[in-house]
Amino acid sequence: MINRTQELFEQIERYLLGELTDEENYNFEKEITSNPDLKSEVEKHRSLHSAMEDPKVTAFNQKLQNIDNKLKRKKNNLLFWKAAASLVFLIGLAVFFLLLNNGDQNDLFKDYYTPYPIEDTIRGTNENRIDRTSQSYAKGEYNTAIPELNSLVSQFPDRTVLKLYLGNCYLGTDQEKEAIRVFEQIKKEDGYYENAQWYLALSYLKDNDKNKSIATLENIVGYNGALKERALALLKKLKINTLDDIEELP
């Protein structure tokens, strides 16, 4: 575990901003290469820099500015001013470290994603072909399984579980948009709907569409099925307060 000191914080920031000397930069990059914890910390800072350029974060900063302006209008009340100014500072600091420690959305995807397991329910017609495809899927040979599964999905459109396998193959080969297309085809009346929604939420997450991921997770919570608790846990990690209530200062 890395010791997060002020000195380390400043060194990482100077490194990312290109403010280190050539020698300092060389030595620091050498240390990053040999220290996985430091490398992870640098990536968190890098993700934070990217996040700060996001329009949502810009809007958040504007909210803080709006709060600050309202507080300044209360400057005749010194006690209120000191307390409120401290609140704004603590909120800003909390959000900063929340962004820093959460890492990027790919970390969350890796934490929550497990490929859908093979079931015996797909056996039957054309059993040998399905068995071969299932074995490829189970071994993680997704590029081999994809064309076969596409063919099987066309041949057996009512076997919804095949679409789950196909969508997971696309996720496993970094084809998030194809995965989204497949999972969106699975409707409530088709069966496997809740599982499809779970993998759809993860597909949006991997595709960096946080809003759609949140909306899909909220749908799973409303569905009130077996994946409700898992969806709630991921939702808590994705949601960041927008300070709408705080902005209602009189």
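Hydrogens, waters and symmetry mates are skipped; everything else that's a heavy atom, side chains included, is used.
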Assess the side chains of N168 and Y113: does a donor N or O sit below 3.5 Å from an acceptor N or O?
yes

So which atom in F109 and which in L202 form the shortest heavy-atom distance, rounded to 0.1 Å?
CD1-O, 3.5 Å

Write down the atom of L152, the atom of L162, and the distance for their closest heavy-atom approach.
O-CD1, 3.9 Å

Side chains of K177 and D207, heavy atoms from C-beta outward: is any pair under 4.5 Å?
yes

Roughly how far apart are L200 CG and E194 CD, rounded to 0.5 Å?
13.0 Å

Is any side-chain heavy atom of Y142 closer than 4.5 Å to one of Y170?
no

Side chains of F156 and S151 in contact at under 4.5 Å (non-hydrogen atoms)
no

Report yes if some heavy atom in the side chain of R159 is under 4.5 Å from a heavy atom in the side chain of I130; otherwise report no.
yes

Under the side chain to side chain donor-acceptor pair (under 3.5 Å) criterion, do E7 and T5 qualify, and how do the steps go?
CA-CA 5 Å; E7 181 181 0; T5 64; 5.1 Å; no

Through direct or indirect side-chain contacts below 4.5 angstrom among Ile, Leu, Val, Met, Phe, Trp and Tyr, which residues connect to Y223?
Y193

Nearest heavy-atom approach of E178 to R181 is OE1-NH2, 2.7 Å

Check for a donor-acceptor pair, side chain of S213 on one end and backbone N or O of D209 on the other, with a separation under 3.5 Å.
no

Under the side-chain hydrogen bond (donor to acceptor under 3.5 Å, both in side chains) rule, collect the residues that match up with Q197, sequence neighbours excluded.
N219

Rounded to the nearest 0.5 Å, what separation is found between the OG atom of S34 and the NZ atom of K39?
11.0 Å

Any idea which heavy atoms bring V182 and G167 closest together, and the distance?
CG1-N, 3.9 Å

Given the rule in the side-chain contact (heavy atoms from CB on, under 4.5 Å) test, do H45 and F9 qualify, once you have shown the distances and angles that lead to the verdict?
CA-CA 9 Å; H45 279 250; F9 177 90; 3.4 Å; yes

Could you walk me through whether K206 and D174 pass the salt bridge (charged side-chain N to carboxylate O under 4.0 Å, His left out) test, one step at a time?
CA-CA 9 Å; K206 193 174 183 183; D174 298 323; 2.7 Å; yes

Side-chain heavy-atom pair Y165, E119 within 4.5 angstrom cut-off
yes

Between S203 and I180 the two heavy atoms that sit nearest each other are CB-CG1, 3.5 Å

What is the distance from atom CD1 of I146 to atom SG of C169, rounded to the nearest 0.5 Å?
5.5 Å

Report the residues that fulfil side chain to side chain contact (heavy atoms under 4.5 Å, CB included) with V42, sequence neighbours left out, ordered by chain and then residue number.
I12, Y15, L16, F28, I32, L38, R46

Could you grab the distance from atom NZ of K139 to atom CD1 of I118, nearest 0.5 Å is fine?
12.0 Å

May I have the step-by-step check of side-chain contact (heavy atoms from CB on, under 4.5 Å) for K212 and L205, ending in yes or no?
CA-CA 8 Å; K212 285 188 177 180; L205 185 63; over 6 Å; no

I220 and L232: same hydrophobic cluster, using ILVMFWY side-chain contacts below 4.5 Å?
yes

Residues passing the salt bridge (charged side-chain N to carboxylate O under 4.0 Å, His left out) test with D190, sequence neighbours excluded, are none

For the residue pair Y112 and D107, establish whether any side-chain heavy-atom pair is separated by less than 4.5 Å.
no

Residue pair G191 / T160: nearest heavy atoms and the distance that separates them:
O-CG2, 3.5 Å

Please name all residues satisfying side chain to side chain contact (heavy atoms under 4.5 Å, CB included) with N195, sequence neighbours left out, ordered by chain then number.
Y116, L164, Y192, L227

Please check if any side-chain donor atom of E23 sits under 3.5 Å from a side-chain acceptor atom of T21, or the reverse.
no

Pair Q6, E10: side-chain N/O donor-acceptor within cut-off below 3.5 Å:
yes

So, are K239 and E218 salt-bridged, with charged N and O less than 4.0 Å apart?
yes

Can you confirm whether the side chains of Q155 and R129 place a donor and an acceptor under 3.5 Å from each other?
yes

Tell me every residue that passes salt bridge (charged side-chain N to carboxylate O under 4.0 Å, His left out) with R14, counting only those two or more places apart in sequence or in another chain.
E24

Validation row: Y137, T144 side chains within 4.5 angstrom (heavy atoms)
no

Check: E148 and R132 side chains under 4.5 Å, non-hydrogen atoms
no

